[in-house]
*Asks:* 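Submitted below is the structure of interest, expressed as C-alpha cells.
Indexing begins at 1, ligand by ligand and atom by atom, following the structure's order. Just so it is clear, the values below take in all heavy atoms, side chains as well, and ignore hydrogens, waters and symmetry mates.
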Amino acid sequence: MSITVSQKDSVFLLSTNSTSYVFGVDDRGLLRHLYWGGRLPRAEDLEMPVLTEVSTNDPVLEITPEEFPVHGGLRYKEHCLKVMFADGTRELVYRYCGYDIRQTETGEELILHLRDEHYAFLIDLRYTVYPAYDLMERSVTVQNQSEEPVWIEKLHSAQFHIPYENLTFSNVHGHWGAEQQRFVQPVSYGKIVIENRRGISSHNHNPYFVLDRGATETTGQVYFGALRVSGNFSGVVEQTQYGETLVQMGLNDHDWLLELAPGERLEAPGILYGYSASGFETMSHHLHRFARERIMSAGLRPVLYNSWEATEFHVNSRDQIQLAHRAQELGAELFVLDDGWFGERHSTQNGLGDWYVNEGKFPNGLEELIDAVKSLGMKFGIWVEPEMVNPKAQLYQAHPDWIYHYDTRVTDTSRVQYVLNATRPEVREFIYTMLDNLLTRYDIDYIKWDANRPISQTGPQRDVWHKHIRTVYEVVESLKKKHPNVLFEACASGGGRIDYGILGIFDDFWTSDNTDAYDRLYIQDAYSRIYPIKAMRAWVTDCPNFLSGRVIPLKFRFHSAMMGSLGIGCNILKFTPEETELAKEMIRRYKQIRPIIQEGTFYRLENPSCERYFLYEYLKESEGVLFAFLPQSRVGHRGTTVRLRGLEEESVYTVTTEEGEITKSGGYLMRHGLALRLTGDYASTMIRFAKKE
Ligand code: DGJ
C-alpha cells in the first residue's frame with residue numbers, strides 16, 4: 001500500500017519504493033505539510049505540530065507550512081489559488097470534507113475534498129503515487145457549484161516545502177537557437193521566478209524545478225518536479241524567513257482571468273515530483289523511465305531525413321524525389337517534406353493558412369512524391385503550421401476576424417504571420433478538418449506541427465493562454481484517434497514546446513533549430529536531465545553550420561546526433577562519395593544501437609580530466625554504448641578515464657573500441673575505468689560493450 005492514513009484520518013503518508021511525502025489536516029481543518037524526503041516506515045510517527053504565531057506581525061497562517069495555500073486571511077505569502085466570487089469577495093476559506101482513495105492502472109490515488117465554507121465552490125487535491133518509479137503526481141481541480149460565475153485569478157498546481165535553507169536551484173534559460181542552456185544558482189532570501197508568458201512553454205525557461213543540496217550526478221539530495229503544461233507557466237522558489245524553502249508551479253497568472261460558469265470545472269496541469277538521495281542521475285532515471293513507459297507513445301522512432309536545411313522554401317517534386325532516393329540509399333526510414341509545399345509559400349511572406357498543394361511545385365500533385373517515397377520503402381512525413389496565417393493568405397482575406405487582435409490596434413506580425421484564435425469553435429474546426437483531410441487524402445505517416453511565433457493581442461479573453469494549448473492538445477488527440485498510425489512531431493521554432501504536457505500528446509520532439517553538433521552537446525546534456533532520450537530529435541546537418549558558422553567533421557556531427565533520435569538534415573545531393581559511405585555506415589550502426597539509445601538507461605559520466613571531455617553512456621540489459629567527445633584538445637594532454645555505470649560487478653564485458661576488442665569485468669570498468677585519449681579538434685568516438693554469456 002502506497003497511501004496510509006492514520007490518526008483519526010488526519011495524517012496521510014504517501015510512499016514510493018524509497019521516498020515518502022506526508023501531510024495532514026489539523027483540528028481547524030487546515031491542510032498542513034509535514035514531510036518530504038526518504039521513505040518513512042509508519043504514519044503513526046508523525047505528529048501535527050501545535051501552531052503558535054511568532055508575533056502579531058508573523059501570523060500563524062504566514063508561518064505554517066501549508067499544503068495548498070489559498071488567497072485570503074492573514075496570508076501574505078505565495079498562494080496557489082485566488083478567486084473572486086460574484087459578490088466581490090476575494091477570499092477563500094475552505095473546509096476539509098474528507099477523502100477518497102482509488103486504485104489506478106499505475107498506482108494509488110488520493111483525492112482530498114475541500115469546500116469553501118460559504119460558497120458552493122469545491123477544490124479537489126489529487127495525489128497519485130507511482131511506487132515503482134519513485135515518483136508522485138499532484139494536481140488540483142476546482143469546481144463552481146453555485147448559480148453564479150466565479151473568476152479564477154490564479155491557479156498553481158501545487159506547493160512544495162523543502163526543509164532546508166541554502167539550496168541550489170537549476171533550470172535552463174535561452175532563446176531561439178539556444179534553448180536548454182543550463183543555469184545553476186544559489187537560493188537565498190527573496191524569490192526566484194521562472195516563467196513563460198508567450199503562449200508556449202520553453203525557449204526561455206522550462207516548466208520544471210530542481211533543488212539540490214550540493215548534489216553531484218551520483219550523490220546528494222535532490223528535490224524535483226516537472227509540470228505537464230505547454231502554454232504559459234510560472235514557478236517560484238522562495239527561501240522563507242521561517243527556515244524552509246517553498247516551491248510552487250502552475251498556470252501563469254500573468255494576463256490571466258478565467259470565468260468558471262455555474263457547474264464548470266477547471267483542472268490545473270499535473271506536476272510530477274520526486275526526491276533523490278543519490279544525485280541528479282537518479283532523478284533523470286526516474287523521470288525518463290516514467291516518461292517512456294507511462295507518458296510517451298510506444299515504439300522506436302525512425303531515422304528520418306528532413307529536407308528543410310537542404311531546400312528551405314524552394315521545394316519541388318523533382319528535387320524532393322531526388323533527395324528521397326539519396327536518403328533511402330543512406331538508410332533513412334522516413335522522408336519529411338518541410339515548409340514550402342502549399343499555397344503561395346515561397347518565403348515567410350505568404351501561404352500559411354492556404355493548405356492546398358502548390359501546383360507549380362508539384363504539377364502532378366503530392367502523390368508523385370509520396371508514391372516515390374513509398375516505392376523506396378520509406379514512410380512519408382509533412383510539415384504544417386496549423387495555428388498560423390499570413391496576412392496575404394486567402395484564409396486571412398476570407399476570415400480576418402479569426403486571428404487574435406484588437407479592432408482598434410495594428411495587429412502584431414512576427415515572422416510575417418498572425419496567430420489564429422484556436423479557441424473559437426470555427427477555427428478549431430478548420431484546423432481539425434484541414435489536417436483530417438490531409439491525412440485522409442494522402443498516405444502520410446508523420447506530421448511535423450510547427451508554431452513559429454508567440455501569441456499576442458489575445459482580445460478580451462484572459463483565459464486563452466490556457467485554452468489555446470488545450471485546443472492544440474485536443475485536436476491532436478482527436479486526429480490520433482482517427483489516424484492511429486500517424487506520428488506527430490512537436491516543433492515550435494525548434495524547442496519552443498518541450499515539456500511534460502506535450503510529451504503525452506505528440507510522439508516526436510524537435511529539440512532546437514540549432515543543429516551545430518558542438519552547441520548541441522550542451523543543449524542535449526541539459527535536456528537529458530529532465531526529458532527522455534527518445535524525446536530528443538537530433539539531426540546531422542551541413543557545415544559551415546547555418547547558425548554558428550562552425551565546421552565540424554561529419555563523424556563528430558553523427559555521434560552528436562546519434563545521442564538522440566537520429567535525423568539527417570544535410571543537402572545529401574552534395575555529399576562526396578566519402579561522406580556518403582560514412583553516413584551509410586553511421587546510420588547502419590545507429591539502427592543497431594537504437595533500442596539502447598532510445599529505450600536504455602542514460603548516464604552523464606564524470607570526466608576526471610581537466611580537458612573538456614563529454615562522456616555519455618547508454619545501457620539496456622546486457623548491452624551498452626558510450627559516446628565520447630573532445631571538442632578541442634591541448635597538445636600534451638593525457639586523455640581521460642571513463643568509469644562506466646550500471647554494470648554487473650562480476651560479469652565480464654566485451655568492449656569494442658575503434659582500436660579493437662578487449663574484455664574486462666564490470667567492476668573494473670566501473671571503478672578503474674577505461675583510459676581514453678582523443679586528439680585534434682572535434683574528436684569523438686563510439687564504444688560498444690556487451691556482457692559475455
Ligand atoms: C522552424 C522549424 O524549427 C524548422 O525546423 C523548420 O521547420 C522551419 N520552422 C520551417 O519554416
*Asks:* Which one of Tyr418, Phe430, Tyr396 satisfies the ring-ring contact (aromatic ring centres under 6.0 Å, His included) criterion with Trp402?
*Replies:*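 One option only clears the test, and that one is Phe430.
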*Asks:* Which bit of Thr348 is near ligand 1, meaning a heavy atom under 4.0 Å away: side chain, backbone, both or neither?
*Replies:* neither
*Asks:* Passes side chain to side chain donor-acceptor pair (under 3.5 Å), Thr411 versus Gln457? Steps please.
*Replies:* CA-CA 7 Å; Thr411 308; Gln457 298 170 311; 4.7 Å; no
*Asks:* Taking N or O atoms only and a 3.5 Å limit, does Arg345 qualify as a polar contact for ligand 1?
*Replies:* no
*Asks:* Of Phe280, Tyr603, Phe290, Phe224, which meets ring-ring contact (aromatic ring centres under 6.0 Å, His included) against His285?
*Replies:* Tyr603
*Asks:* Quick check: do Asn514 and Trp176 have side-chain heavy atoms less than 4.5 Å from each other?
*Replies:* no
*Asks:* Cys491 heavy atoms, cut-off 4.0 Å: which ligand 1 atoms fall inside?
*Replies:*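 Once the distances to Cys491 are compared, the set is 2 (C), 3 (O).
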*Asks:* Which residue owns the protein heavy atom closest to atom 11 (O) of ligand 1, what's the atom, and how far is it?
*Replies:*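 Looking at atom 11 (O) of ligand 1, the protein heavy atom closest to it is Asp339 OD2, 2.6 Å.
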*Asks:* When you look at Tyr518 and Phe629, which way does the ring pair (Phe, Tyr, Trp, His ring centres under 6.0 Å) test go after all the steps?
*Replies:* CA-CA 9 Å; Tyr518 170 65; Phe629 303 89; 9.9 Å; no
*Asks:* Would Trp308 count as a polar contact of ligand 1, with the cut-off being nitrogen or oxygen pairs under 3.5 Å?
*Replies:*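 No, no N or O pair falls under 3.5 Å.
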*Asks:* Counting only heavy atoms, which portion of Ser493 has something under 4.0 Å from ligand 1: side chain, backbone, both, or neither?
*Replies:* backbone
*Asks:* List ligand 1 atoms under 4.0 Å from Asp338, heavy atoms only on the residue side.
*Replies:*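 This gives 6 (C), 7 (O), 10 (C) as the contact atoms.
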*Asks:* Show which atoms of ligand 1 fall inside a sub-4.0 Å distance from at least one heavy-atom site of Gly494.
*Replies:*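 The list of qualifying atoms is 3 (O).
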*Asks:* Anything under 30° is parallel, anything over 60° is perpendicular, the rest tilted; go ahead and classify Phe614 against Tyr522.
*Replies:* perpendicular
*Asks:* Out of Tyr305, Phe546, Trp510, which residue meets the ring-ring contact (aromatic ring centres under 6.0 Å, His included) rule with Trp539?
*Replies:*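 When ring-ring contact (aromatic ring centres under 6.0 Å, His included) is applied between Trp539 and each of Tyr305, Phe546, Trp510, only Trp510 qualifies.
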*Asks:* Name the one of Asp507, Asp338, Asp508 that satisfies salt bridge (Lys or Arg N to Asp or Glu O under 4.0 Å) with Lys448?
*Replies:* Asp338
*Asks:* For Arg415, is the nearest heavy atom under 4.0 Å from an atom of ligand 1?
*Replies:* yes
*Asks:* Parallel, tilted or perpendicular for Trp355 and Trp383, by the 30°/60° rule?
*Replies:* tilted
*Asks:* Is it the side chain (CB and beyond), the backbone, both or neither of Arg537 that lies under 4.0 Å from ligand 1, heavy atoms counted?
*Replies:* neither
*Asks:* Give the numbers and elements of all ligand 1 atoms closer than 4.0 Å to a heavy atom of Lys448.
*Replies:*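 Those atoms are 4 (C), 5 (O), 6 (C), 7 (O).
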*Asks:* Among protein heavy atoms, which lies nearest atom 3 (O) of ligand 1, and at what distance?
*Replies:*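 Going atom by atom, the protein heavy atom closest to atom 3 (O) of ligand 1 ends up being Asp513 OD1, 2.5 Å.
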*Asks:* Closest non-hydrogen protein atom to atom 2 (C) of ligand 1, residue and atom name please, with distance?
*Replies:*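 Minimum-distance protein heavy atom for atom 2 (C) of ligand 1 reads Asp450 OD2, 3.3 Å.
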